[in-house]
Amino acid sequence: MKVMKFGGTSVGSIESLLNLRDIVKAESRPVLVVVSAMGGFTNQLLAMCEQAQQRDTSCLDTLEEARKRHHDAIDGVVIESMRDEVHATIDRFIDESLKPYYLALATNPKMPVDEIALVCDAIVAHGEILSSAIVAGMFEDGVPHLSLNYMRTVPDGTGRVLNWEETERLVKEDFASMNEGVHVAQGFISRDKETGAVTNLGRGGSDYTAAILAALLDAEALEIWTDVDGFMTADPRTHPDAVVIPQMTYAEAQRMCDAGAKVIYPPTIAPVAMKHIPVWVKNTFNPTAPGTVILDEE
Ligand code: ADP
Ligand code: ASP
Ligand code: MG
């Protein structure tokens with residue numbers, strides 16, 4: 001079984017979602033697809049949190065634009081028999097969850113700071129919840145999972161870390177009978193092990209979710225599908241002369257990630273390196289390009 005993670009740009013438009021569909025359709029089953037929020041939506045959800053706290057209700061207009069973006073994507077990519085259900089899911093999360101959260105922030109000036117943080121964490125999780133509903137609806141044999149049911153974090157200094165023990169127990173339970181379908185899970189999102197509050201693995205954390213699931217489920221490979229042809233010698237946005245590195249070791253990849261190569265979120269490497277699972281970095285917009293493979297040794 002392979003784990004295939006698709007980032008924000010890879011799920012951000014009808015064109016890219018159709019590429020995703022073709023790439024996943026060509027895979028043998030079962031397969032586990034881990035998705036990010038539609039490109040830019042996580043930033044929008046957080047910006048709307050700021051606006052709501054300033055009592056700026058124009059965030060509700062932005063929310064309507066996001067609703068339309070998701071509905072348009074559904075019309076463009078979801079199989080016909082699933083469309084009504086996925087449209088309804090998107091509306092339910094927006095109307096019964098996101099809107100009340102934003103209104104609570106906008107109308108409650110005395111909300112304590114720690115409660116604001118909890119509400120914003122619950123809000124930001126919706127990016128992946130909405131995109132994954134669309135992706136699961138693209139496949140006749142789509143099987144939705146909810147990462148809030150098994151990814152567990154605990155506080156660590158000022159941040160949080162994964163609780164491996166509890167996550168392993170819950171992942172093995174949730175994926176116990178992994179049938180032949182296209183299993184779809186959200187990257188990034190989690191819950192606090194003790195309180196059950198919605199948390200996350202940090203910005204860019206969907207790569208890490210995919211690596212954790214690959215390690216716990218003994219996947220044969222982890223594929224990171226993104227918007228560049230592979231892991232490159234530098235960020236091609238700032239270094240137009242950067243070239244793809246065909247093969248790297250885990251240690252080399254870890255060094256470059258730690259030095260700021262944002263193509264892979266740094267904590268991603270350790271869990272797959274520990275299990276000797278090869279990592280491929282591939283381009284959703286150019287799937288026949290060979291990409292990069294990250295392995296134990298050259
Ligand atoms: P995704 O949404 O798919 O997770 P990211 O934006 O997080 O994508 O990561 C992909 C981006 O990482 C590329 O568009 C590229 O600009 C940037 N990047 C930075 N350093 C590198 C590198 N060494 N190799 C490839 N891409 C890099
Ligand atoms: N959607 C989250 C973010 O934008 C996680 C991810 O894309 O990896 O940070
Ligand atoms: Mg990323």
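Residues take their numbers from the sequence shown, with the count starting at 1. We count ligands from 1, going down the list as the structure has it; atoms in each ligand are counted the same way.
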Atoms of ligand 1 close to K5 [distance to a heavy atom under 4.0 angstrom, numbered from 1] |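 Contacts of ligand 1 toward K5, numbered from 1: 4 (O).
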Using a plain distance cutoff, I'd like to know if [X] has any nitrogen or oxygen under 3.5 Å from a nitrogen or oxygen of ligand 1.
{"X": "M232", "value": "yes"}
{"X": "F231", "value": "no"}
{"X": "T233", "value": "no"}

Any idea which protein heavy atom is nearest [atom], and the distance to it?
{"atom": "atom 25 (C) of ligand 1", "result": "G230 O, 3.5 Å"}
{"atom": "atom 8 (O) of ligand 1", "result": "T226 OG1, 3.2 Å"}
{"atom": "atom 26 (N) of ligand 1", "result": "V263 CB, 3.5 Å"}
{"atom": "atom 17 (C) of ligand 1", "result": "D235 OD1, 3.7 Å"}
{"atom": "atom 6 (O) of ligand 1", "result": "K262 NZ, 2.8 Å"}
{"atom": "atom 2 (O) of ligand 1", "result": "G8 N, 3.0 Å"}
{"atom": "atom 6 (C) of ligand 2", "result": "S206 OG, 3.3 Å"}
{"atom": "atom 11 (C) of ligand 1", "result": "D227 OD1, 3.9 Å"}

Which ligand 2 atoms does G205 reach within 4.0 Å, using its non-hydrogen atoms?
->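 By the 4.0 Å cutoff, the relevant atoms are 5 (C), 8 (O).
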Can you sort out which atoms of ligand 2 are near G204, meaning under 4.0 Å from one of its heavy atoms?
->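 Those qualifying, in numeric order: 3 (C), 5 (C), 6 (C), 8 (O), 9 (O).
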Taking atom CE of M274 as the centre, does the number of heavy atoms from other residues, nucleotides or ligands within less than 6.0 Å exceed 12?
->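 Counting neighbours around CE of M274, 12 or fewer heavy atoms of other residues, nucleotides or ligands fall under 6.0 Å, so no.
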Side-chain touch [X]/[Y], heavy atoms, less than 4.5 angstrom:
{"X": "L63", "Y": "I94", "result": "yes"}
{"X": "V31", "Y": "M4", "result": "yes"}
{"X": "T233", "Y": "H239", "result": "no"}
{"X": "K5", "Y": "T209", "result": "no"}

Hey, is [X] touching ligand 1 through its side chain, its backbone, both or neither, going by heavy atoms under 4.0 Å?
{"X": "R203", "answer": "neither"}
{"X": "V228", "answer": "side chain"}
{"X": "S206", "answer": "neither"}

Heavy-atom contact under 4.0 Å between A234 and ligand 1?
->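 Flag set, A234 near ligand 1.
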Steps toward salt bridge (charged side-chain N to carboxylate O under 4.0 Å, His left out) verdict (R160, D192) | CA-CA 9 Å; R160 12 189 78 252; D192 181 275; 3.0 Å; yes
Measure centre to centre between the rings of Y150 and F175, then say whether the value is under 6.0 Å.
->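 Ring-ring flag for Y150/F175: true, centres closer than 6.0 Å.
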Check the pair F41 / H126 against ring-ring contact (aromatic ring centres under 6.0 Å, His included), numbers first and verdict last.
-> CA-CA 9 Å; F41 190 40; H126 284 73; 8.9 Å; no
Run the salt-bridge test on D91 and R67 with the 4.0 Å N-O cut-off and return the result as yes or no.
->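 Answer for the salt bridge query: yes.
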In sequence, state the C-alpha distance, the side-chain angles, and the governing distance for K68 and E65, and then conclude on salt bridge (charged side-chain N to carboxylate O under 4.0 Å, His left out).
-> CA-CA 5 Å; K68 180 170 182 325; E65 287 163 25; over 6 Å; no
Please step through salt bridge (charged side-chain N to carboxylate O under 4.0 Å, His left out) for the pair E173 and R169, ending with a clear verdict.
-> CA-CA 6 Å; E173 226 172 79; R169 189 181 72 74; 3.2 Å; yes
Considering E128, R203, K262, which one's heavy-atom position lies nearest to atom 5 (C) of ligand 2?
->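 Looking at heavy atoms only, E128 sits closest to atom 5 (C) of ligand 2.
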Out of G187, A210, S36, G8, whose heavy atom is nearest to atom 7 (O) of ligand 2?
->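 Nearest heavy atom to atom 7 (O) of ligand 2 lies in S36.
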Counting N and O atoms only, with roles assigned by atom type, does the side chain of Q186 sit under 3.5 Å from a partner on the main chain of S36, one being a donor and the other an acceptor?
->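 Here the side-chain-to-backbone pair does not exist.
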